[in-house]
Amino acid sequence: MRIHLIGHFACLWAAVLFTGCAPKWTLSVESPAEPPQWLDRSQIARATHIATIKGFKETRAALPNMLKYIVFGGAEEDNAIVRPVAAAIGPDNRLAIADLGRSCVHLYIPTERRYLKIYGNGREELQSPVSAVFDDESRLYVSDSVNGAIYVFDQKGAPLFSIKKAGDAALLKPTGLSYASGKKILYAVDTLAHKVYAFAPNGALLFSFGGPGEKEGQFNFPTHIVTPPGGRLYVTDAMNFRIQVFDSSGTFLTSFGHHGNGSGDLSMPKGIAVDRAGVIYVVDTLFDNIQLFDLAGNFLFTIGGRGTGHGEFWLPSGVFLDSQDRLYVCDTYNNRIQVFQLVRKLNNEQ
């Protein structure tokens, strides 16, 4: 098993060599001196870049270099984010980042200042971790699109079980994951099956919907899904260049989007999030930006653009919105997670 429990197992060995407690960890974060902002059509600031997460760093007193290398596994660069594609925040603000560049999931638990890298479940190593999500008990679900599996880990990062079938059907290429807290349902996109599966927390299949095609409720290589409070499901129907909306049982409700290269068009839609006001955030990898839409699918404005500066992106992918209206964007080829503070409209605004 190649799970790097840096904050736990390493201390057991280290205690034999020196006196001291387990290492403590924090995020390696950069904040802009002059945070860029994005304005809506009323010229009101709606998004502010507040931080860039680059990786994780140890905060305990430094050990002699050789001893630190032997016990904790090497240089600080080993804990940098390489190619992030998905991020999730758990009930206690724990952070999980699926990192294709390291073939692992970074798990950071701020209440314990603990950090570990999950490389597999002891029998299989992660090859292509592309999505991560927490349930209400802080269990972590990770989809691997190459292994054709969804791996489940407990609150400490230890493996519990894996999901490789949806009923009698093998998972082909599981990608986007989302957990509906109220209904306790794990929704999983299977890109090659052109379907969405709904699982119980124990991995039992509840139902599925979709199938290949261009009609309402059909998919052409779907990739991401989100289930905001309210019961709707939003699915990125990537090669149909649209977002489809369903109720919690998979019944089609509506859709929006079409192929193009202008504002409000979609070129390679991926990550998706929905805030409490019903604003929909769609990452478009080829546009290197995030487009905002209202519930009717009307284009509002754009966050970001191509580049390497604060608030700029290079082939972004996954996105996550936490309970504090902070938007986490996986800036995949800039090797970082960018964080934006969102401001929702007040009730008395037009």
Considering all heavy atoms of both residues, which atom of [X] and which atom of [Y] are nearest to each other, and what is their separation?
X      : Y      : value
Thr285 : Pro316 : OG1-O, 2.7 Å
Asn147 : Asp144 : N-OD1, 2.8 Å
Val133 : Tyr179 : CG2-N, 3.8 Å
Pro35  : His49  : CB-O, 3.2 Å
His310 : Pro32  : CD2-CB, 3.5 Å
Arg326 : Ile50  : CD-CD1, 4.0 Å

Is [X] salt-bridged to [Y], going by a charged N under 4.0 Å from an acidic O?
X      : Y      : result
Arg139 : Asp154 : no
Lys173 : Asp190 : no
Arg276 : Asp325 : yes
Asp99  : Arg83  : no

Is there a side-chain contact between [X] and [Y] in this structure, where contact means two heavy atoms from C-beta onward sitting under 4.5 Å apart?
X      : Y      : result
Gln338 : Phe313 : yes
Leu233 : Val245 : no
Val329 : Ile303 : no
Val339 : Ile53  : yes
Arg336 : Ile81  : no
Trp25  : Tyr108 : yes
Thr302 : Ile290 : no
Leu300 : Asp294 : yes

If hydrophobic clusters are built by linking Ile, Leu, Val, Met, Phe, Trp and Tyr wherever their side-chain heavy atoms come under 4.5 Å apart, do [X] and [Y] end up in the same one?
X      : Y      : answer
Val29  : Phe320 : yes
Phe153 : Val105 : yes
Leu140 : Leu116 : yes
Val142 : Leu177 : no
Leu186 : Leu205 : yes

Take atom [atom1] in [X]; do more than 12 heavy atoms of anything else shown fall under 6.0 Å from it?
X      : atom1 : answer
Lys54  : NZ    : yes
Phe301 : CZ    : yes
Asn202 : CG    : yes

Side chain to side chain donor-acceptor pair (under 3.5 Å), paired with Asp237, selected from His224, Arg242, His194 |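 Answer after filtering His224, Arg242, His194: Arg242.
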Can you list, pair by pair, the side-chain donor-acceptor contacts under 3.5 Å of residues 159-169, counting residues two or more places apart and other chains?
unit_1: Lys164; atom_1: NZ; unit_2: Glu124; atom_2: OE1; d: 3.0
unit_1: Lys164; atom_1: NZ; unit_2: Glu124; atom_2: OE2; d: 2.7

Side-chain donor-acceptor contact under 3.5 Å, [X] with [Y]:
X      : Y      : answer
Thr48  : Gln37  : yes
Tyr141 : Asp135 : yes
Ser145 : Ser128 : yes
Ser317 : Thr332 : yes
Thr223 : Thr191 : no
Asp136 : Ser181 : yes

With His259 via ring-ring contact (aromatic ring centres under 6.0 Å, His included) - residues at least two apart = Phe241
Assign the ring pair Phe340 / Trp38 to parallel, tilted or perpendicular, where the plane angle (0 to 90°) is split at 30° and 60°.
->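 Plane angle over 60°, so perpendicular.
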Would you find a donor on one side and an acceptor on the other, under 3.5 Å apart, between the side chain of [X] and the backbone of [Y]?
X      : Y      : answer
Tyr281 : Leu321 : no
Gln341 : Gln324 : yes
Asp288 : Arg306 : no
Asp284 : Met268 : yes
Glu58  : Lys24  : no
Asn334 : Gly307 : yes
Gln291 : Gly264 : yes

Give me the other members of the hydrophobic cluster that Val130 sits in, counting Ile, Leu, Val, Met, Phe, Trp and Tyr linked by side-chain heavy atoms under 4.5 Å, directly or via other members.
-> Val85, Leu100
Could you tabulate the donor-acceptor pairs under 3.5 Å formed by side-chain atoms of residues 208-222, not counting sequence neighbours?
unit_1: Gln218; atom_1: OE1; unit_2: Glu214; atom_2: N; d: 3.3
unit_1: Gln218; atom_1: OE1; unit_2: Lys215; atom_2: N; d: 3.1
unit_1: Asn220; atom_1: ND2; unit_2: Met239; atom_2: O; d: 3.4

For Lys57 and Thr26, what are the C-alpha separation, side-chain angles and deciding distance, and is it a side-chain contact (heavy atoms from CB on, under 4.5 Å)?
-> CA-CA 6 Å; Lys57 60 184 179 181; Thr26 189; 3.6 Å; yes
Atom pairs and distances, side-chain donor-acceptor, residues 86-97, under 3.5 Å, sequence neighbours left out:
unit_1: Asp92; atom_1: OD1; unit_2: Arg94; atom_2: N; d: 3.3
unit_1: Asp92; atom_1: OD1; unit_2: Arg94; atom_2: NE; d: 2.9
unit_1: Asp92; atom_1: OD2; unit_2: Arg94; atom_2: NE; d: 3.3
unit_1: Asp92; atom_1: OD2; unit_2: Arg94; atom_2: NH2; d: 3.1
unit_1: Arg94; atom_1: NH1; unit_2: Gln155; atom_2: O; d: 2.6

Just grab all the side-chain hydrogen bond (donor to acceptor under 3.5 Å, both in side chains) pairs involving residues 226-235, residues at least two apart or on different chains.
-> Ser178-Thr227
Under the side-chain contact (heavy atoms from CB on, under 4.5 Å) criterion, do Ile225 and Ile272 qualify, and how do the steps go?
-> CA-CA 7 Å; Ile225 186 170; Ile272 186 168; 5.9 Å; no
At what distance, to the nearest 0.5 angstrom, does [atom1] of [X] lie from [atom2] of [Y]?
X      : Y      : atom1 : atom2 : answer
Cys330 : Asn335 : SG    : CG    : 12.0 Å
Asn121 : Leu126 : CG    : CG    : 7.5 Å
Ile280 : Leu292 : CD1   : CG    : 9.5 Å

Might you work through the side-chain contact (heavy atoms from CB on, under 4.5 Å) test for Tyr115 and Asn79, ending with a clear yes or no?
-> CA-CA 9 Å; Tyr115 163 65; Asn79 306 312; 3.4 Å; yes
Would you say the ring centroid of Phe293 lies under 6.0 angstrom from that of Phe256?
-> yes
Decide yes or no on side-chain contact (heavy atoms from CB on, under 4.5 Å) for Tyr328 and Asp322, but give the supporting numbers first.
-> CA-CA 8 Å; Tyr328 297 74; Asp322 72 9; 3.3 Å; yes
